[in-house]
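First comes the structure, then the notes that go with it.
Convention: sequence-line order gives letters A, B, ...; per-chain numbering from 1. In this text, all values refer to a predicted model and were calculated from it rather than measured experimentally.
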Protein chains: 2
Amino acid sequence: MGSPALRENSAPENSRLEILQAAAESFEQRGFSATSIDDVARMLGCTKGRIYHHFGSKADLFAAVFRLGMEMNFAAVEPLTHTDASATEKLRMMAEEHVRQMVTTKPFQRVVWDGVELLMRGALTPEQRDECLRLQQSRKRYSALFRAQMEKAKADGTVQYDDLSVATQVLFTCLNSPVFWYRPRIADLRKDQDAVIEQVVRFGLNGLGMKEA
Amino acid sequence: MGSPALRENSAPENSRLEILQAAAESFEQRGFSATSIDDVARMLGCTKGRIYHHFGSKADLFAAVFRLGMEMNFAAVEPLTHTDASATEKLRMMAEEHVRQMVTTKPFQRVVWDGVELLMRGALTPEQRDECLRLQQSRKRYSALFRAQMEKAKADGTVQYDDLSVATQVLFTCLNSPVFWYRPRIADLRKDQDAVIEQVVRFGLNGLGMKEA
DNA sequence: TTGACAACATACTCAGTAGTATGATCACAT
DNA sequence: ATGTGATCATACTACTGAGTATGTTGTCAA
């Protein structure tokens, strides 16, 4: 009773999340190297001390934002792969949820896009290097979720593509594109998001040669 | 005679181009802020003196790379708009040439992608600001070339999309995608490029709802 | 009460980098 | 031959920004 597990999401964890949020927005706006730790601190109205208390380095902070972004993607998409819909329907639902993530958690998803290549170049400690490899792996696992349904759908004859690797790259670039150009309208937020999501998904699935629903 | 105009592309201009080439590759690999002028100089086997002799600042160098990239795009695509093909056919040809630019001049096109937003944030002199606005304008003029054919093709009923702005953004993101993931194979270079170009173009046009040729 | 530790703020160090000032070399015109 | 300007290299300055060392405050357990 009164064990530490009961207040798992209290002040310290909230402080971490607040930092991650601010860091995501900073990285989104200025990119990794153009963002200074002081920038993030200023956005929070605090000093570097707070950030370096929770994160070991700038690269660690970036990696944490990346990891959280990927976790949100998995949480939204992975359950859909366990339903008993057709591969085509799964692909459509997965694409829709993926794009929804792009517009609802855009700062984090932009960091995921900028991604690991950025972290890989430059001097890294062995532990940081291992962490980067794990993050790369998680992204590969994520895209593999889509790849699997794409192959099944192709076998079913509902989509056509030549090279699977190229098709995956183009499809993801297409579905991810809102992280670059989407700006939420003040009014009609949900309706605006849904409209964008539907157009992007349609474009992507049409790109794969899928017939309209 | 022997006027200066006769030797327009002699040593000094070649030196400039050599710098632009190296700068493009550096910016492509590490991004704008992570690239130092010394990096570019090192790649050329020279020192900063040479670079600052030809370009006033790091931002000027970046802008020059951007400008050259856009010029190559216009040179490849703009002539096609003057042919007397159908809007659909024009769109196909323009997309093909555009993607060809992405794979053949990738470093420059990556800089064009990173683009002007990057330059706009941060302190700029009034002249630099004007130059940035001009570059933004040139990119808008370029996308307008495609937009025009998209509208005609929609009127012809050969493509379908809801919002023109969204469709343009997604289409361009799709056609530009090779700047992120394309890596030339050593052997069969031309054949490899053509295959990628064809798949990307097909994806993009299918995304617009265009029927297969 | 007190000691211990979490959660920061403050005040530094130090390496890297944009930009400059100046010197060296060479071509070329007069 | 000589001055002149273009084309660089060398040697600086000034500043930003990552990371650290240390001080301060609150909290909580014994």
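- To the nearest angstrom, P of C/dT17 lies 9 Å from NZ of B/K58.
- Side-chain contact check for A/Y182 versus A/D192: some heavy-atom pair is nearer than 4.5 Å.
- To the nearest angstrom, P of C/dA6 lies 15 Å from CZ of A/R16.
- Put simply, CZ on B/R50 is 7 Å from P on D/dA9, counting in whole angstrom units.
- When rounded to the nearest whole Å, the span between CD of B/Q128 and C1' of C/dG19 equals 12 Å.
- In this structure, the nucleotide among D/dA18, C/dA9, D/dG19 sitting nearest to the side chain of A/I37 is D/dA18.
- Separating the CG atom of B/D38 from the P atom of D/dC12 is a distance of 16 Å, rounded to the nearest angstrom.
- Phosphate proximity of D/dC8 to B/T47: absent, as no side-chain N or O sits under 4.0 Å from OP1 or OP2.
- Proximity of A/H53 to the phosphate of C/dA9: no side-chain N or O atom is located under 4.0 Å from OP1 or OP2.
- Here A/T35 lies in heavy-atom contact (under 4.0 Å) with sugar-phosphate atoms only.
- Here C/dC8 presents its C1' atom at 13 Å from CD of A/E18, a figure rounded to the nearest Å.
- The side chain of A/H54 lies closest to C/dC8 when the candidates are C/dC8, C/dA9, D/dA18.
- At a cut-off of 3.5 angstrom, the base of C/dA18 holds at least one donor-acceptor pair with the side chain of B/K48.
- When each of A/E97, A/E78, A/Q109 is tested with A/N73 by the rule side-chain hydrogen bond (donor to acceptor under 3.5 Å, both in side chains), just one qualifies, namely A/Q109.
- Closest to the side chain of A/S15, from the set D/dA18, C/dC8, D/dA9, is C/dC8.
- Regarding B/D60, its CG atom lies at a distance of 14 Å from the P atom of C/dA18, rounded to whole Å.
- In A/K154, the NZ atom is crowded: over 12 heavy atoms of neighbouring residues, nucleotides or ligands sit closer than 6.0 Å.
- Distances were taken from every side-chain heavy atom of B/S57 (C-beta onward) to each of C/dG19, D/dA18, D/dC8; the shortest belongs to C/dG19.
- Using bins of under 30°, 30° to 60° and over 60° for the plane-to-plane angle, the ring pair B/F203/A/F203 lands in the tilted bin.
- Looking at heavy-atom distances under 4.0 Å, B/S36 makes contact with sugar-phosphate atoms alone, never a base.
- Atom CD1 in A/I19 sits roughly 10 Å away from atom P in C/dA7 (whole-Å rounding).
- Ring geometry for B/W113 against A/F180 counts as perpendicular: the plane angle is over 60°, on a 0 to 90° scale with 30° as the lower cut.
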